[in-house]
Amino acid sequence: MRRRLPLRLAWTLRYTLALLVTVSIFGVFTYDQIFRRTEEDAQIVLDLQVDQIGEVVARSDAASPAVAAAVERSVSVAESDFKLGLQVFDASGNLRLAAGSLLLHPLDLPEETRAGSTRPVWREHDVGDKYPYLVLTQPVEGAVVQGAIYTRPFVRNARDVRDIYLYSAPVLLGLTALLGYWLARGSLRPLQEINRSARRISETHLEETIPTTGSGDELDELANTLNEMMERIRRGMDRTRRFSANAAHELRTPLNALRSRLEVTLEKEREPAEYRHTLQELAREVEQLSDSVHGMMRLAQSGAGLSPEQRVPVDLDALLRECSEFFEPLAEEAGVALDVRLDAGAVVPGDASWLHQLFANLLHNAVKYTPAGGRVELSTETQGERVAVRVRDTGIGIAPEEAERIFEPFHRVGARPDTPGVGLGLALAREIARAHGGEIQVESAPGRGSTFTVWLPHEGPREAGD
Ligand code: ADP
């Protein structure tokens with residue numbers, strides 16, 4: 001399994017990353033906006049200066065003193081705030097006048113202006129540092145005015161903002177990481193509490209519960225879920241404990257009886273007929289013991305549920321018919337009428353031998369606990385996605401307070417020493433029904449009879465010819 005970062009660290013990293021992304025997007029956006037505006041500012045200033053000179057040139061001549069004075073004035077006024085250069089060319093492209101910073105970096109006329117174009121031309125002139133000159137060449141009547149402006153004073157503000165972002169990034173990152181760590185620790189504290197409680201409970205006291213705050217938030221929900229899980233585990237363990245104790249008791253009593261019977265028989269020499277009689281009785285006892293052990297094993301198996309390969313389509317009516325035919329001789333012997341009405345035609349996904357065991361247990365009980373002259377009825381009926389199998393008898397019935405307990409392993413109502421059985425039949429029936437996604441219910445009235453109903457999910461009717 002891939003090893004994962006501790007949650008606290010992972011959350012801290014996530015918080016930091018989220019903030020970093022937000023700040024970066026914001027930073028890039030603001031820098032871009034400021035940069036664009038300052039560039040526009042430089043263009044506006046240059047445009048204004050070139051326009052002014054252009055007007056003077058248009059009124060007089062490229063070589064007139066008025067133009068020279070205007071150029072000088074513009075350059076000297078501008079020079080205190082930013083570097084500006086101005087040049088004036090005559091109609092044939094000869095330089096007539098140059099003033100300001102441009103003298104250091106003489107500029108030529110662009111090709112298209114030389115070729116006679118009258119459109120203004122914008123260019124950038126690289127002077128070897130990271131801030132270029134912005135150059136505007138503007139043809140006017142009989143001359144060309146060219147201006148250049150150093151972009152540094154304009155762009156510098158935008159770059160300053162960018163530098164502030166860049167230099168403060170590590171500090172911001174550190175602060176976010178700290179804040180993220182603090183937030184993550186706070187959010188995880190209740191989870192750690194739950195973990196501590198759960199560990200204490202699993203180590204020692206299973207009956208304790210994880211404290212809840214009653215806020216109904218996700219962590220409270222988790223604590224409640226864990227408490228419910230613990231409760232189910234506790235109940236399961238109780239059941240297992242009771243089952244083992246009962247099983248041990250159930251095996252010990254007949255084993256003790258067997259042992260004392262053997263000891264008494266072996267105390268002295270006996271007639272062969274007496275030995276035979278004793279051995280026959282012992283064989284019956286051993287058979288009952290083996291029935292108990294067999295029942296316990298089946299119960300343990302069915303409690304683990306059905307495996308996928310055990311789940312095959314079972315024709316329920318056919319299975320029940322076979323089962324009832326098996327009990328016909330027993331019912332006849334007991335003087336009980338067996339009435340079978342099977343017409344649901346349902347196919348149940350499951351294990352045929354387990355289902356056979358389930359219904360055999362119910363039918364056997366119905367015959368066993370119905371006095372001579374009574375009736376046992378086996379019927380099926382589909383209701384939506386489920387099929388109901390009913391085993392109804394007119395037997396001795398079950399008292400209401402016993403109705404749930406009869407499904408517990410080894411529970412037998414009252415002392416019925418005359419009826420054989422170990423009290424595992426119904427427990428097994430219920431486990432098998434549950435393993436098939438179904439349920440078993442009982443309705444009964446003492447002296448009037450009982451109805452056991454098994455509900456099972458089915459796959460619809462059996463196909464014709466099956
Ligand atoms: P067993 O029949 O071996 O005692 P079961 O688990 O099959 O064990 O049944 C548990 C108890 O439920 C029985 O001892 C009996 O008292 C009662 N019981 C089961 N089926 C019926 C029935 N059809 N009529 C009356 N009592 C029943």
Side-chain angles (χ1 to χ4, degrees), residues 239 242-247 249-251 253-254 284-303 320 323-324 326-328 330-331 333-340 354-379 388-435 438-455:
R239 259 203 312 275
R242 240 177 315 157
F243 181 84
S244 327
N246 282 334
H249 176 79
E250 215 48 46
L251 295 177
T253 315
R284 264 199 300 280
E285 292 279 345
V286 169
E287 198 180 335
Q288 176 137 13
L289 259 177
S290 125
D291 278 354
S292 295
V293 173
H294 188 70
M296 287 178 211
M297 279 168 63
R298 280 238 158 181
L299 197 59
Q301 278 168 357
S302 52
L320 289 169
C323 210
S324 64
F326 181 80
F327 281 102
E328 247 159 33
L330 192 73
E333 198 184 310
V336 173
L338 189 54
D339 187 6
V340 181
W354 284 23
L355 290 170
H356 194 280
Q357 173 90 62
L358 190 176
F359 298 116
N361 287 4
L362 294 185
L363 279 172
H364 193 192
N365 279 350
V367 174
K368 207 161 58 167
Y369 297 112
T370 302
R375 252 164 59 93
V376 170
E377 200 181 289
L378 172 67
S379 62
V389 180
R390 288 203 179 81
V391 180
R392 180 172 292 147
D393 66 55
T394 57
I396 57 171
I398 300 152
E401 65 275 13
E402 290 284 348
E404 231 346 88
R405 300 199 59 202
I406 53 171
F407 292 100
E408 287 174 17
F410 305 111
H411 185 80
R412 306 193 73 206
V413 179
R416 285 173 178 163
D418 46 331
T419 42
V422 290
L424 284 177
L426 287 181
L428 185 55
R430 172 132 95 182
E431 286 299 346
I432 294 176
R434 285 185 178 166
E439 199 35 85
I440 179 165
Q441 291 166 344
V442 61
E443 283 166 63
S444 186
R448 301 243 303 275
S450 322
T451 305
F452 284 84
T453 309
V454 182
W455 293 97

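These numbers come from a predicted model, not from an experiment. Note that ligands are numbered from 1 as they come in the structure, with each ligand's atoms numbered from 1 the same way.
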Just jot down the ligand 1 atoms closer than 4.0 angstrom to any heavy atom of Gly397, in number order. 25 (C)
Check: Asp339 and Arg392 side chains under 4.5 Å, non-hydrogen atoms: no
Other residues, nucleotides and ligands only: do more than 12 of their heavy atoms fall within 6.0 Å of CD on Glu333? no
Looking only at heavy atoms, is any part of Ile398 under 4.0 Å from ligand 1, and if so is it the side chain, the backbone, or both, or is it neither? side chain
Going by the 4.0 angstrom heavy-atom rule, the piece of Lys368 near ligand 1 is side chain
Heteroatom proximity flag, Arg412 to ligand 1, N/O under 3.5 Å: yes
Got Met296 and Phe243 here, is their nearest side-chain heavy-atom distance under 4.5 Å? yes
The atoms of ligand 1 lying under 4.0 Å from a heavy atom of His411, numbered in the order shown, are 10 (C), 11 (C)
Among Ala403, Gly423, Pro409, which one puts a heavy atom closest to atom 8 (O) of ligand 1? Gly423
Quick one: does Thr453's side chain have a donor or acceptor within less than 3.5 Å of a partner on Gln441's backbone? no
Give yes if a backbone or side-chain nitrogen or oxygen of Ile396 is under 3.5 Å from a nitrogen or oxygen of ligand 1, and no if not. no
Donor-acceptor contacts, no H, no angles, side chain residues 426-434, under 3.5 Å, sequence neighbours left out:
from, atom 1, to, atom 2, distance (Å)
Arg430, NH1, Glu404, OE2, 3.4
Arg430, NH2, Glu404, OE2, 3.2
Arg434, NE, Glu439, OE1, 3.2

In this structure, CG of Leu289 is separated from CZ of Arg284 (nearest 0.5 Å) by 14.0 Å
At a 4.0 Å cut-off, with the gap strictly under it, does some heavy atom of Gly395 reach an atom of ligand 1? no
Does ligand 1 have an atom under 4.0 Å from some heavy atom of Asn361? no
Name all residues meeting the salt bridge (Lys or Arg N to Asp or Glu O under 4.0 Å) criterion together with Glu443; count only those two or more places apart in sequence or in a different chain, and write none if there are none. none
Taking Asp393 for the side chain and Ser450 for the main chain, is one N or O donor matched with an acceptor at less than 3.5 Å? yes
Counting only heavy atoms closer than 4.0 Å, does ligand 1 sit against the backbone of Leu362, its side chain, both, or neither? neither
Mark up the atoms of ligand 1 that fall under 4.0 Å of a heavy atom belonging to Asp393, in ascending order. 22 (C), 23 (N)
Using a 3.5 Å cut-off on N or O atoms only, is Phe452 in polar contact with ligand 1? no
